[in-house]
4 protein chains.
Amino acid sequence: MPSPSRTEPGRAPGAVEGARPPVPAAGVRAPRRRDPARTRQAILDAAEEEFSERGFLGGRVDAIAERTSITKRMIYYYFGDKQGLYLAALEQVYREMRQSERAVHLDDLEPVEALRTFVLSTIDFQEARPSFVRMVSFENTLGAENIAGIESLRELNAGLVDSVDRLLRRGRTAGVFRDGPDAPDALELHQLISSLAFYRVSNRATFREIFDHDMLDPVHGETFRRRAVALVLDHVLVPGAGRRP
Amino acid sequence: MPSPSRTEPGRAPGAVEGARPPVPAAGVRAPRRRDPARTRQAILDAAEEEFSERGFLGGRVDAIAERTSITKRMIYYYFGDKQGLYLAALEQVYREMRQSERAVHLDDLEPVEALRTFVLSTIDFQEARPSFVRMVSFENTLGAENIAGIESLRELNAGLVDSVDRLLRRGRTAGVFRDGPDAPDALELHQLISSLAFYRVSNRATFREIFDHDMLDPVHGETFRRRAVALVLDHVLVPGAGRRP
Amino acid sequence: MPSPSRTEPGRAPGAVEGARPPVPAAGVRAPRRRDPARTRQAILDAAEEEFSERGFLGGRVDAIAERTSITKRMIYYYFGDKQGLYLAALEQVYREMRQSERAVHLDDLEPVEALRTFVLSTIDFQEARPSFVRMVSFENTLGAENIAGIESLRELNAGLVDSVDRLLRRGRTAGVFRDGPDAPDALELHQLISSLAFYRVSNRATFREIFDHDMLDPVHGETFRRRAVALVLDHVLVPGAGRRP
Amino acid sequence: MPSPSRTEPGRAPGAVEGARPPVPAAGVRAPRRRDPARTRQAILDAAEEEFSERGFLGGRVDAIAERTSITKRMIYYYFGDKQGLYLAALEQVYREMRQSERAVHLDDLEPVEALRTFVLSTIDFQEARPSFVRMVSFENTLGAENIAGIESLRELNAGLVDSVDRLLRRGRTAGVFRDGPDAPDALELHQLISSLAFYRVSNRATFREIFDHDMLDPVHGETFRRRAVALVLDHVLVPGAGRRP
DNA sequence: TATGAATGAGTGTTCATTCAT
DNA sequence: CATGAATGAACACTCATTCAT
C-alpha cells in the first residue's frame with residue numbers, strides 16, 4: 001500500500017480505537033465493515049496504485065475493487081464514478097508533494113544553501129514517489145484535462161514559485177545570485193530543476209532499456225545529485241561566488 | 001497526418017501518376033484499394049496518432065480503423081495484433097528520431113559548435129514531434145515492456161551516444177572541454193540535454209495548467225534555447241574558454 | 001430443457017411460492033432476476049444443450065445467452081470463460097450419470113441378476129441422455145483435454161469399477177462366473193458394456209444414414225437389450241450356469 | 001500427411017515423373033505450382049487432418065491453407081466452400097475404409113474363419129485410421145447431415161452388409177452358425193463388431209483419462225482381439241461347434 | 001452502509017469468403 | 001492456375017455502471 005501513515009480525513013485524529021465494534025474474525029485480511037474512513041482510504045490507495053500503473057484509460061475499476069476486496073458499489077458510493085476516483089487519487093498525490101515541499105523551510109536558509117536544498121529535495125521527492133511521476137505523466141498525455149478540475153492546485157503550486165522567488169531575491173540582494181535579463185526567474189528555475197529530477201524518474205524504463213543504464217540505481221545517485229547542484233548553482237550564481245571550496 | 005514527408009515505399013518518387021485509375025479527390029485521406037504499401041502506411045500513421053494520444057491501453061483498434069476507414073481485419077492482416085501495431089508505430093517514431101539525428105553531422109563541426117548544434121537539434125526534434133514524446137512517456141509508464149521487443153533500437157541509440165562521445169573527446173583534446181572525474185561523460189550529457197528538451201514537451205500540459213505558462217509558446221522559445229545552450233556549455237567547457245563574446 | 005427433474009438449489013422443494021413477486025407466465029423458460037441459483041442453472045442447461053449439439057469449438061457463447069435471454073456478461077460472471085462453462089456443463093452431465101448408476105444398487109442383487117441389471121441400466125442411461133453421449137464424443141475428438149480438469153471424476157468412476165469388481169468376485173465365489181486368465185476383469189467388462197450401449201447412441205446418425213436402420217428405434221429396443229444381456233452373460237457365466245430357462 | 005500412398009486421381013498412375021517442369025528452387029518445401037492434382041490432394045490431406053482433429057465447426061480454412069502453404073483462394077477454387085472441402089475429405093476417408101474392406105475376401109474363407117477375419121480386420125482398420133473414427137464421430141454429433149450428401153455411400157456399405165449376410169448364410173447352411181429368431185442378422189452382427197472396434201478408438205481419450213487405461217496400448221491389443229473374437233463366435237456359433245481347441 | 005446480481009455497449013480478434021490482378 | 005489484399009459479420013471477452021435487497 002502506498003502510504004500506510006497517511007492521515008485518514010474521515011476520522012478524528014484522537015479517536016479511541018479500542019471502542020470499535022466487534023472486531024471481525026481473525027484471518028479476515030482487509031478493512032472490514034463499519035469503518036467508512038478506512039474503507040475510503042483503502043479504495044483511494046488502491047486507485048493510486050492502479051491509475052499510476054495503467055493510467056486513467058487503462059485503469060480498471062474492477063481491478064481496484066479486487067485489490068481492496070471492497071465491492072465496486074462502494075467505490076461508486078464514495079467517489080461517484082471512475083473519473084471522480086481518479087481525481088481523488090490525483091489530488092492525494094499532489095497533496096503529498098505539497099506537504100513534502102512545505103517540510104523544507106527555504107526561507108530559513110541562506111540563499112545558496114537554500115537553493116542547494118531545494119534542488120536536492122526535489123530530486124528526493126520524485127525519486128521517492130514514482131507514482132506521483134507516473135500520474136503526472138499520464139495527465140500530460142491526456143492534456144491535463146483532469147488536473148484542471150482540482151481546486152487549490154494552482155495556489156498550492158503558486159506558493160512554491162513564490163518561495164523560490166523570495167529565494168532568488170534574497171540571493172540577488174546578497175550579491176551572490178546573478179541579475180539582469182540573462183538571469184533565470186523563479187519559474188524558469190523551477191522548470192530546470194524539475195526537468196532534471198522528473199526525467200530521471202519518468203524516463204527510467206526506456207533509458208534503461210536503450211542504454212542499459214538505470215538512472216535510479218543508487219550507484220549513480222550521489223554523482224547525479226552533485227552534478228545537478230553544480231549545474232544549477234553555475235547557472236544562478238555570479239561567477240566565482242559562494243561555491244564550496 | 002503525422003508525417004506527410006514520409007516516403008511511400010510502394011511508389012517510385014518520380015513515377016508518372018497519369019496512367020492510374022481515377023485518383024481519389026484530393027483531401028480524401030483514406031487510401032483506396034490495391035495499394036498495400038499505402039494501406040499499411042495509412043494504418044501506421046493512424047496508429048501513431050491514436051496511441052500517442054491515448055496510450056497502448058487506452059488506444060482502440062476500432063478508432064484506428066475508423067480514422068482510416070480501413071477495416072479492422074486489414075489491421076490484423078498487416079500487423080498481427082494490437083501489440084504488433086503498437087510496436088510498429090513505436091518503431092516508426094524512433095526511426096524518425098534517428099534520421100533526424102543523423103541529419104546533423106556532429107563530426108563535421110568543431111566541438112563547441114557541434115555541442116551547441118546537438119542541444120538545439122534535440123530541442124527542435126522533441127518540439128516538432130510531440131507524438132514521439134507522448135509515446136515514449138506511455139512506454140515508460142508501462143515499464144518499457146514493448147520497447148524491449150524492438151530490435152535495432154539499442155544499436156540505433158548506441159550510435160547516438162558514440163557520436164556524442166567522439167564529440168567530447170575532440171573537445172577535450174582541443175583543450176576546450178573540461179576533463180577529469182567531475183566532467184560528464186557522453187551518457188550523462190545525453191541525459192541532461194534530453195531532460196531539458198523532453199520535459200518541456202512531456203510536461204507541457206500540467207505545467208500550463210498549474211503555472212499558466214506554456215513552455216512551448218514560441219514567445220519563450222528563443223530564451224529557452226539560449227539558456228539551455230548556456231547551461232550545457234557552462235557544464236562542459238573549461239572555465240573561460242570558447243564562449244561567444 | 002435438459003433435465004427438468006433437476007433440483008433447484010436456490011429454492012426449498014416445498015417452499016411457498018405465493019409470497020414472491022408476480023411469477024412470470026408459465027412456459028416462459030428464462031428465469032427472472034434475482035434468483036442466482038436459478039440463473040446459474042439456466043445458463044448451465046443451455047450450455048449443455050449448445051455444447052452437446054455443437055461441441056466446444058462449435059458452441060457459441062452468444063447462442064447460450066440467447067437461449068436463456070441472460071446477458072453474456074452473466075455467463076462470464078458465473079463461469080469465468082467459455083471453457084469454465086463447458087467444464088461445468090460436462091461435470092453436470094457426468095454427475096448425472098453417476099447418480100443414475102448409484103440408483104442401481106448392484107450390491108443388493110445376486111450376481112447374475114446384478115449383471116443383467118448393470119447391462120440394462122447402462123443401456124437405459126445412454127439412451128435417455130444422448131447429450132451425455134455427445135459431450136463425451138466431443139471430448140474424445142479433442143483428446144479429453146478438458147475432462148482432465150474435472151476433479152472427482154476419477155474417483156467417481158473408480159467407484160463404478162469397484163462395484164463391478166465386487167459383483168464379479170461375488171459371482172466367482174458363488175461359482176456362477178468364470179474364473180482364470182480368460183475371464184474378463186471389471187474394467188474389461190465395463191468397456192464391453194459401454195461399447196454396446198454407447199455406440200448405439202453415438203453412431204446412430206451415420207448408421208441410420210448408411211443402413212437405413214435407426215438403432216434407437218423402439219422397435220429394436222427389446223431385441224437389442226435381450227441380445228446385449230445374453231452376450232454379456234455368455235461371456236461371463238460358466239458354461240451352462242444360471243441362465244434363465 | 002495422412003497417407004502418402006494415396007492414389008492421386010488427377011494423374012495417370014504410370015506418368016513419367018522425370019519429365020516435370022523445372023523443379024522449384026531447392027528449399028521450397030511444398031507442392032509447387034503447375035501440378036493441379038497434387039495441389040488438390042495436398043489440400044485434401046490437410047483438410048482431413050484439420051477436420052478430423054477439430055470437426056467441421058471447429059476446423060478452420062485458414063489452418064488448412066497454412067498447413068499446405070497453399071493460398072485460400074485455391075481451396076475455394078477446387079472445392080467451392082468449406083462444406084465442399086469437408087465433404088471431399090469425408091468421402092476420401094470412407095473410400096479408404098471401403099478399400100480396406102474389399103481387400104478382405106470373406107467369400108473365399110470358410111465361415112468361422114471368415115467371421116474371425118472380419119472381426120479382426122474391422123478392429124485393425126479402426127485402430128489404423130483414427131481420423132476415420134474421429135470424422136465419423138463428428139458427423140454423428142452433427143446428425144450426419146453432411147454424410148447424407150455423399151452419393152454411393154449407401155451402396156458402398158450395402159455391399160459390406162451383403163457380404164456379411166452371405167457369410168452368415170454359409171455358416172448356417174454348414175450347421176456351425178445358430179439359426180432361428182434369436183440368431184443375429186447381418187446388420188446386428190455388424191453393429192456388434194463395430195461397437196467393439198469403434199468404441200475402443202473413439203473413446204480412448206476419456207477412458208484413459210478416467211480409468212488410467214489406454215485401450216489402444218499394444219499391451220492390451222492381443223487380449224482385446226482374442227476376447228472380441230471369442231465374444232462374437234460365442235454369439236454366433238451353435239453351442240459347442242467349431243471353436244478352436 | 002454494504003452487497004451480489006445484472007446490464008448494454010464496447011474491445012481485441014477471427015471467421016468464411018470474394019475481389020482485382 | 002494462382003496470388004495477396006480486402007471484407008463484414010461474428011466471436012470470446014470486458015468495460016463502467018446500476019439495481020434490488
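Quantities reported herein were computed from a predicted structural model and do not represent experimental measurements. In the text below, chain A, chain B and the rest are named by the order of the sequence lines, each starting its count at 1.
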Q: In sequence, state the C-alpha distance, the side-chain angles, and the governing distance for Leu90(B) and Glu48(B), and then conclude on side chain to side chain contact (heavy atoms under 4.5 Å, CB included).
A: CA-CA 7 Å; Leu90(B) 197 56; Glu48(B) 184 187 321; over 6 Å; no
Q) When rounded to the nearest 0.5 angstrom, what distance separates CG in Leu87(C) from CD in Glu139(C)? A)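 That separation rounds to 7.5 Å.
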**Q.** Close side-chain approach of Leu57(A) to Leu142(A), heavy-atom, < 4.5 Å
**A.**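 Side-chain contact under 4.5 Å: yes.
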(Q) With a 4.5 Å cut-off on side-chain heavy atoms, are Thr68(A) and Ile75(A) touching? (A)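 Side-chain contact under 4.5 Å: no.
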Q: Among residues two or more places apart or on two chains, list those pairs meeting salt bridge (charged side-chain N to carboxylate O under 4.0 Å, His left out) that have a residue in residues 53-66 of chain C.
A: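 Those involving residues 53-66 of chain C are Glu50(C)-Arg54(C), Glu53(C)-Arg67(C), Asp62(C)-Lys72(C).
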Q.
Considering every strand and a 4.0 Å limit on heavy-atom distances, what is the contact class for Tyr78(A): base, sugar-phosphate, or nothing?
A.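 If one applies the 4.0 Å heavy-atom cut-off, Tyr78(A) turns out to touch the sugar-phosphate alone, with no base involved.
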Integer-rounded Å distance: [N] [atom2] and [X] [atom1]:
| X | N | atom1 | atom2 | value |
| --- | --- | --- | --- | --- |
| Glu66(A) | dG4(E) | CD | P | 13 Å |
| Arg40(B) | dG4(F) | CZ | P | 16 Å |
| Ile43(D) | dC1(F) | CD1 | P | 12 Å |
| Phe79(D) | dT17(E) | CZ | C1' | 16 Å |
| Met74(C) | dA9(E) | CE | C1' | 17 Å |
| Arg54(B) | dG10(E) | CZ | C1' | 13 Å |
| Ile75(B) | dT11(E) | CD1 | C1' | 12 Å |
| Ile64(D) | dC15(E) | CD1 | C1' | 13 Å |

Q | Residues that Ser52(B) engages under side-chain contact (heavy atoms from CB on, under 4.5 Å), provided they are two or more places apart | A |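 Residues passing side-chain contact (heavy atoms from CB on, under 4.5 Å) with Ser52(B): Ser131(B), Arg134(B), Met135(B).
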Q.
I'd like to check the side-chain contact (heavy atoms from CB on, under 4.5 Å) partners of Phe79(C); sequence neighbours left out, ordered by chain and number.
A.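 Phe79(C) satisfies side-chain contact (heavy atoms from CB on, under 4.5 Å) with Arg40(C), Ile43(C), Leu44(C), Leu85(C), Ala88(C) only.
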**Q.** Dot-bracket line, read 5' to 3' along DNA chain F, where crossing pairs take [ ] and | marks a partner on another strand, Watson-Crick or G-U under 3.5 Å
**A.** .||||||||||||||||||||
Dump every N/O contact between nucleotides 12-14 of chain F and the protein below 3.5 Å, one line per pair.
| from | atom 1 | to | atom 2 | distance (Å) |
| --- | --- | --- | --- | --- |
| dA12(F) | OP1 | Gly59(C) | O | 3.2 |
| dA12(F) | OP1 | Lys82(C) | NZ | 3.2 |
| dA12(F) | OP2 | Val61(C) | N | 3.1 |
| dC13(F) | OP2 | Tyr76(C) | OH | 3.2 |
| dC13(F) | OP2 | Lys82(C) | N | 2.8 |
| dC13(F) | N4 | Lys72(C) | NZ | 2.3 |

**Q.** Partner residues of Glu145(A) under the side-chain hydrogen bond (donor to acceptor under 3.5 Å, both in side chains) criterion, sequence neighbours left out
**A.**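 So Glu145(A) forms no side-chain hydrogen bond (donor to acceptor under 3.5 Å, both in side chains) with any residue.
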Q: State whether Thr39(B) places a side-chain N or O below 4.0 Å from either non-bridging phosphate oxygen (OP1 or OP2) of dA6(F).
A: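 Checking Thr39(B) against dA6(F): at least one side-chain N or O falls below 4.0 Å of OP1 or OP2.
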**Q.** Pairs touching residues 37-69 of chain D that satisfy ring-ring contact (aromatic ring centres under 6.0 Å, His included), sequence neighbours left out
**A.**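 Every pair satisfying ring-ring contact (aromatic ring centres under 6.0 Å, His included) with a residue in residues 37-69 of chain D: Phe51(D)-Tyr86(D), Phe56(D)-Tyr86(D).
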